[in-house]
Amino acid sequence: MDNISISVVVPVFNEEGNIAKLHKEIKDVCETNGYTYEIIFINDGSSDKTDEVCRTLSPLKLITMRKNFGQTAAMDAGIKASQYDYIVTMDGDGQNDPADIPNMLKYMKETDVDVVSGWRKNRKDTFMKRFVSRGANFLRYLLVHDGIHDSGCSLKVYKRECFKGITLYGEQHRFIPAILKIKGFTVGEVVVNHRARTSGYTKYNWKRTIKGFVDMISVWFWNKFATRPLHLLGGIGFIFELLGFACGIWSIALFAMGRKMSNNIFPPLLTVFFVIIGLLMIIFGLMSEILIKTYYGVHVDTPYSVKSVEDFEKDSK
């Protein structure tokens with residue numbers, strides 16, 4: 001475990017009562033274990049005294065967002081500003097325990113995985129938050145298959161090369177292991193300590209739950225059809241074309257039996273509907289193929305704006 005260099009990335013939003021204690025814990029863990037380290041706090045548009053408290057901490061790289069862009073954007077900004085071999089991400093509410101970092105790094109070294117995700121096996125959250133999280137984990141298991149129990153745990157350790165060419169959007173910070181697994185990186189998991197919140201209030205609500213579910217669908221699509229969307233959309237279009245063909249046969253049979261089409265307009269309408277929808281789905285599939293090729297060929301801009309990046313150096317003694 002010699003010569004370990006880590007960047008600890010912590011998005012913070014209205015956490016004035018937690019960040020000083022959390023910073024001290026991170027600093028103590030890093031110095032006790034002899035790590036070369038940097039601590040990066042991303043102030044994601046806080047409206048309390050978070051910024052003032054951050055400016056009293058050292059060492060610290062403080063990234064200030066122009067407004068509240070969300071945890072994923074803040075985490076992406078911090079990751080892009082980091083410089084060391086291992087990137088540790090964690091929440092700013094103090095519920096993640098920095099004392100787990102050495103064990104996670106040890107596990108990464110022993111198993112040679114690219115990502116180590118924390119598993120909050122004994123969570124100290126409210127019943128409703130645990131209930132929603134378990135429901136989300138079940139859906140994630142059905143759709144994403146990232147091989148871990150607790151994708152919502154922000155305490156994770158990554159090798160630097162994991163984020164080469166990756167920009168995070170929406171609520172995708174929950175699905176980083178899944179996104180990396182799609183790209184061929186290996187993922188492991190370690191049980192970590194989870195602590196009760198002692199100050200402030202949770203930022204999770206029903207809106208973030210819905211956004212997380214939509215992003216889960218996006219990750220599922222990216223996993224299955226990122227390189228060939230025509231397989232999905234074209235396949236659906238082909239099914240509609242078959243339904244249109246069947247309805248067409250039905251219409252012809254009715255006409256052959258001498259039925260008045262004015263009294264049996266439903267089958268012909270279904271024929272036209274299914275044929276048109278099928279053609280549209282196939283066209284959308286072809287267009288998506290072109291867009292995917294364009295996506296892989298050009299630079300994708302980040303959906304947020306950083307106001308400043310400042311370094312607060314260690315006190316000289």
Side-chain angles (χ1 to χ4, degrees), residues 5-11 38-42 44 61 63 65 69-92 96 101 104-105 108 111-118 136 140 143-148 150-189 208 211-229 288-289 291-306 309:
S5 60
I6 67 172
S7 299
V8 184
V9 176
V10 186
E38 63 178 351
I39 304 173
I40 303 173
F41 280 6
I42 308 94
D44 188 27
K61 178 180 287 186
I63 299 176
M65 309 294 273
F69 287 96
Q71 187 174 1
T72 300
M75 191 172 290
D76 188 72
I79 290 169
K80 284 181 166 56
S82 65
Q83 61 177 322
Y84 289 132
D85 295 334
Y86 299 96
I87 298 172
V88 180
T89 62
M90 59 194 313
D91 283 330
N96 295 142
I101 294 175
M104 297 175 77
L105 286 167
M108 176 175 278
T111 59
D112 196 31
V113 294
D114 301 302
V115 182
V116 178
S117 181
R140 178 184 52 79
L143 295 175
V144 178
H145 302 296
D146 55 12
I148 60 177
D150 186 10
S151 64
C153 179
S154 294
L155 181 55
K156 295 180 172 69
V157 181
Y158 306 91
K159 293 180 180 178
R160 164 159 296 283
E161 56 265 29
C162 290
F163 293 102
K164 185 177 181 181
I166 289 181
T167 296
L168 304 174
Y169 301 93
E171 294 291 319
Q172 288 184 347
H173 65 277
R174 297 184 180 93
F175 309 113
I176 297 176
I179 294 170
L180 294 176
K181 198 168 184 179
I182 291 169
K183 292 182 173 292
F185 292 97
T186 53
V187 180
E189 189 174 45
R208 292 191 67 175
K211 290 177 181 177
F213 176 73
V214 172
D215 281 330
M216 189 186 303
I217 298 296
S218 172
V219 173
W220 168 81
F221 177 83
W222 200 253
N223 183 27
K224 296 291 186 180
F225 306 104
T227 57
R228 295 307 304 269
S288 298
E289 289 274 322
L291 291 173
I292 286 295
K293 288 180 173 61
T294 303
Y295 172 85
Y296 281 115
V298 300
H299 172 72
V300 180
D301 195 11
T302 55
Y304 57 85
S305 174
V306 173
V309 178

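To the nearest 0.5 Å, the span separating CD1 on Ile42 from CZ on Phe69 amounts to 14.0 Å. Atom-to-atom distance recorded for Leu155:CG and Ile101:CD1 is 6.5 Å, nearest 0.5 angstrom. The CD1 atom of Ile87 sits 9.5 Å away from atom CD1 of Ile176, with the distance rounded to the nearest 0.5 Å. Taking NZ from Lys181 and CD1 from Ile148, the interatomic distance works out to 8.5 Å, rounded to the nearest 0.5 Å. Annotation: the span from Tyr86 atom OH to Ser7 atom OG amounts to 12.0 Å, rounded to 0.5 Å. Atoms CD1 and CE, from Ile40 and Met75 in turn, are 12.0 Å apart once rounded to the nearest 0.5 Å.
Judged by distance alone, with hydrogens and angles left aside, the side-chain atoms of Asp76 form a donor-acceptor pair with the main-chain N or O of Leu168 at under 3.5 Å. The backbone N or O of Gln83 sits less than 3.5 Å from a side-chain atom of Glu38, completing a donor-acceptor pair. Remark: the backbone N or O of Pro177 is not paired with any side-chain donor or acceptor of Lys156 at under 3.5 angstrom. Side-chain atoms of Thr89 do not come within 3.5 Å of backbone N or O of Val9 as any donor-acceptor pair.
For the pair Val10 and Val88, the minimum side-chain heavy-atom distance is 4.5 Å or more.
Electrostatic pairing of Lys159 and Asp112 counts as a salt bridge here, judged by a charged N lying under 4.0 Å from a carboxylate O.
For the 3.5 Å distance criterion, the side chains of Glu189 and Ser117 fail to qualify, holding no donor opposite an acceptor.
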